[in-house]
Amino acid sequence: MQKVTSLPADDALPGWYHTSASRTPRPAHVGQKQARWAIVGAGLTGLAAARQLALNFPDDEIVLIEAQEVGFGSSGRNAGFAIDVPHDIGAKDYIGEVKTANLILQLNTLGQNYLRDIVRENGIDCQMSESGKYQAAVGEQGIAILEAYRSGLEKIGRKTQMIDGKDLPEHIGISYYKKALFIPGTMLLQPSALVKGLADSLPSNVTLYEYTPISGIHYGDKVTLVHDKGSITADKLILANNAFASHFGFLRGRLLPTFLYGSLSRQLTPEEQARLGGKPVWGVIPAHPFGSTLRRTVDNRILVRNSFSFHSNGRPNEKLLRHYTENHRKSFERRFPLLSDVDFEYSWSGAICLSENHEGFFGQLAPNVYGALCCNGLGITRGTATGKLLADMIAGKQHPLIDFLKASPGPNKTPPEPFLSIGVNSVLKWGHYRAGMEV
Ligand SMILES: Cc1cc2nc3c(=O)[nH]c(=O)nc-3n(C[C@H](O)[C@H](O)[C@H](O)COP(=O)(O)OP(=O)(O)OC[C@H]3O[C@@H](n4cnc5c(N)ncnc54)[C@H](O)[C@@H]3O)c2cc1C
C-alpha cells in the first residue's frame, strides 16, 4: 500500500466559511465500498469533475471524497475573483502569445459559464456579481504594468478603461492608488457559499463523503482508497486534490503548495459605508503580483489578501498566520484611514498549487488514475473548467480545449529539499519586498 504522506489540516477561521450559511455536511464514509468512479478532493475541480462525470455516466455511481468539510478548504478560502482573462506574469504585456492567450480565455470563460449556469439553475446564494476587476497601481512601476497589460488585452479583443487616481474614489471609495485599469468580465463571489451550494446540488448519482481523509492507496486493476474507518474500491480514480496529489505518489517535486493569507473585516455600519463611498461591490487586484488584493463584499465587509509562504507538506503554520495578519492590518490602515476602527473578524491562510513553469497537469497519471491538478492560483474558473473537461475526456468527448490541455508539458521538476523551500521562500520574500506600497 502507498501511504499518503501528508493530509490537509486548514486553519480555523476562514471568513467566507463562517459568514456563509451553514449546512449539514454529508457523513464520513465507514466500512467497505465498491464504485465505478472515485474522486479525491471536493474543491472546485473535484466538484466540477463529479457533476460532469455524473451527467456523462448517468447509470454509474460517482463517489466524491473530501478530507475536511466542503467550503472549508482552499476553494472556500480564496478571494472570490472568477477571472476570465489571462495574466501571464512571464510575458512583457502579460498576455504573451496571442493564440495561447485566446485558448486560456476560452478555458476560463468555459469555467465561468459553467458556474454561472449552475448557480442560476440551483438558486445558489453566493453573492455572484458581474463586477469586473480593477487592476490598481500605487507608483510608476505599477502604472507601467497596467499600460503593458492594457495593450496586451487589446490584442485579444478586450476593451478596458484606465481610470485616473482622482476619479477612483467614485469607484472604490479610497484615493490610495495612482491609476487603475478596469477590466470587465470578472465575476466576484463568496467562494465558500459557492462550493457549499455546488456540493448540495450535485446530481443524485454522486455520493459525497466529507471528513474522510484518504491515508493510503493500493494501485492496480482497481484502485483502493484506504481511510481510518474503512476503504473505497473504484475502477477509476480522479485526483482533484491539487498539490496533495504529490502525497499520492504523483508529480513529486513538481507541485508547489504556496500559502496565501486573507483577512475579512466586520460588517461596516451604514454610517461607515457612507463615509467610504464608492460602489457597493468591487474587487481590486494589485498591478504587482505580490501586492494586496482587496474587496468590498455584498455584505459590506472589506477583504485584504496579501503575503505568501511555501510549505512543502501543504499544511499551514499558525505563527506565520499571526505575523501576516499584522501585514493585513497595516495594508488596511494605509488604504482606509477613515475606517481605522474597523477590526478584522477573521484571518486565515490557504494553499494554492503553483508550478515553476506555470503549467498545470491534465490527463492520465497511471492506468485507471486521472488528474486535473495545479491550476496555478486560478482555481475558480480554471479548476472548474479542467474538472469538467477531464470528465468529458474520460467519456471520450472531443473538444479543442481538451487537446490544448493535453498538449501541456505539465509542471516542471524543481530542485530537491531543503533547496526548494529555501529557494521558493526567498523568491516570495523578495517579491513581497519589491511590491513596496502595493502590499
Ligand atoms: C487566500 C487565497 C486567495 C485566492 N484567490 C483566488 C481568486 O481570487 N480566484 C481564483 O480563481 N483562485 C484563487 N485562489 C486559488 C484557488 O482557491 C485554488 O486555485 C482552488 O482552491 C483550487 O481548487 P481545487 O479544487 O483544484 O483544489 P482545492 O481547493 O485545494 O481542493 C482540493 C481538496 O482536496 C482535499 N484533499 C486533499 N488531500 C486529501 C486526502 N488525502 N483525502 C481526501 N481529500 C483530500 C482537500 O481537503 C481540498 O478540499 C486563492 C487561494 C487562496 C488560498
Side-chain angles (χ1 to χ4, degrees), residues 3-11 14-16 28-29 38-50 64-84 87 108 111-112 115 133 186-189 191-192 194-195 198-199 209-217 225-228 232 239-248 255 257-264 283 285 293 295 303-308 314-316 324 328 347-354 360-361 371-387 390:
K3 201 170 158 7
V4 173
T5 44
S6 183
L7 293 173
D10 283 308
D11 47 46
W16 303 115
H29 178 250
I39 301 173
V40 174
L44 289 148
T45 307
L47 286 161
L64 176 60
I65 306 146
E66 170 54 47
Q68 312 185 97
E69 189 181 322
V70 169
F72 189 78
S74 290
S75 287
R77 291 178 174 243
N78 57 58
F81 288 72
I83 299 175
D84 55 346
H87 186 246
N108 295 342
Q112 265 193 343
L115 285 175
K133 62 170 175 156
T186 290
M187 302 190 306
L188 298 177
L189 47 84
S192 189
L194 171 68
V195 282
L198 292 173
Y209 295 111
E210 293 172 70
Y211 294 111
T212 306
I214 299 302
S215 51
I217 321 149
L225 301 163
V226 179
H227 56 82
D228 63 359
I232 298 164
L239 287 181
N241 56 349
N242 231 354
F244 281 99
S246 64
H247 300 287
F248 281 61
L255 306 177
T258 304
F259 278 75
L260 272 56
Y261 295 79
S263 288
L264 197 60
I285 302 247
T293 291
R295 275 189 60 187
L303 170 89
V304 179
R305 200 245 355 114
N306 65 43
S307 308
F308 298 81
R315 290 164 71 99
Y324 290 141
H328 295 165
S347 293
W348 67 94
S349 68
I352 58 174
C353 181
L354 300 180
F361 181 86
L373 302 160
C374 193
C375 37
N376 280 287
L378 214 66
I380 300 181
T381 48
R382 191 183 170 104
T384 298
T386 55
L390 188 68

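Quick note: residue numbers are just sequence positions, from 1. Both ligands and their constituent atoms are indexed starting at 1 by order of listing. The basis for the numbers below is simple: all heavy atoms, side chains too, and nothing from hydrogens, waters or symmetry mates.
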### Task
Give the intermediate values and the outcome of side chain to side chain contact (heavy atoms under 4.5 Å, CB included) for residues Tyr209 and Ile232.
CA-CA 11 Å; Tyr209 295 111; Ile232 298 164; 4.3 Å; yes

[X] to ligand 1: N or O pair under 3.5 Å?
X      : answer
Val4   : no
Ser74  : yes
Asn78  : yes
Ala79  : yes
Ile214 : yes
Leu44  : yes
Ile380 : yes
Arg77  : no
Leu260 : no

### Best match, Ser75, Ala9, Ala49: closest heavy atom to atom 21 (O) of ligand 1
Ser75

### Task
Between Gly379, Gly71, Ala42, flag the one that comes closest to atom 18 (C) of ligand 1 by a heavy atom.
Gly379

Donor-acceptor pair, side chain of [X] and main chain of [Y], under 3.5 angstrom:
X      : Y      : value
Thr258 : Leu354 : no
Thr212 : Glu210 : yes
Asp11  : Ser349 : yes
Asn242 : Leu373 : no
Arg77  : Phe72  : yes
Thr381 : Ile83  : yes
Thr186 : Phe81  : no
Thr384 : Ala48  : no

### Task
Could you give me the CA-CA distance, side-chain angles and deciding distance for Asn78 and Ile352, then say whether side chain to side chain contact (heavy atoms under 4.5 Å, CB included) is met?
CA-CA 9 Å; Asn78 57 58; Ile352 58 174; over 6 Å; no

### Task
Measure across Val195 and Val70 and return the closest heavy-atom pair with its distance rounded to 0.1 Å.
O-CG1, 3.4 Å

### Query
Of all heavy-atom pairs between Arg295 and Trp16, which one has the smallest distance, and what is that distance?
NH1-CH2, 3.7 Å

List ligand 1 atoms under 4.0 Å from [X], heavy atoms only on the residue side.
X      : result
Asn241 : 32 (C), 34 (O), 36 (N), 37 (C), 38 (N)
Ala240 : 32 (C)
Gln68  : 47 (O)
Cys375 : 19 (O), 22 (C)
Leu7   : 41 (N)
Gly377 : 10 (C), 11 (O), 12 (N), 13 (C), 14 (N), 15 (C)
Glu66  : 33 (C), 34 (O), 35 (C), 43 (C), 44 (N), 46 (C), 47 (O), 48 (C), 49 (O)
Gly43  : 25 (O), 31 (O)

One residue to check: [X]. Relative to ligand 1, which of side chain, backbone, both or neither has a non-hydrogen atom less than 4.0 Å away?
X      : value
Ile83  : neither
Thr45  : both
Leu373 : neither
Arg305 : side chain
Ala67  : both
Phe72  : neither
Phe244 : side chain

[atom] - nearest protein heavy atom and its distance:
atom                    : answer
atom 27 (O) of ligand 1 : Asn242 ND2, 3.4 Å
atom 51 (C) of ligand 1 : Ile352 CG2, 3.3 Å
atom 34 (O) of ligand 1 : Gly41 CA, 3.2 Å
atom 8 (O) of ligand 1  : Phe81 N, 3.1 Å

### Task
Would you please determine whether Pro213 falls within less than 4.0 Å of ligand 1 on a heavy-atom basis?
yes

### Query
Would you say Leu47 touches ligand 1, if touching means a heavy atom closer than 4.0 Å?
no

Could you grab the distance from atom [atom1] of [X] to atom [atom2] of [Y], nearest 0.5 Å is fine?
X      : Y      : atom1 : atom2 : value
Cys374 : Arg382 : SG    : CZ    : 8.5 Å
Phe248 : Leu239 : CZ    : CG    : 6.0 Å
Leu390 : Thr45  : CG    : OG1   : 10.0 Å

#### Entry: Within-4.5 Å side-chain heavy-atom neighbours: Trp348 and Leu264
yes

### Query
How about Arg315 and Leu7: do any of their side-chain heavy atoms sit closer than 4.5 Å?
yes

### Task
Identify whether NZ of Lys or CZ of Arg in Arg305 sits under 6.0 Å from the centre of the six-membered ring of Tyr261 and within 45° of that ring's axis.
no

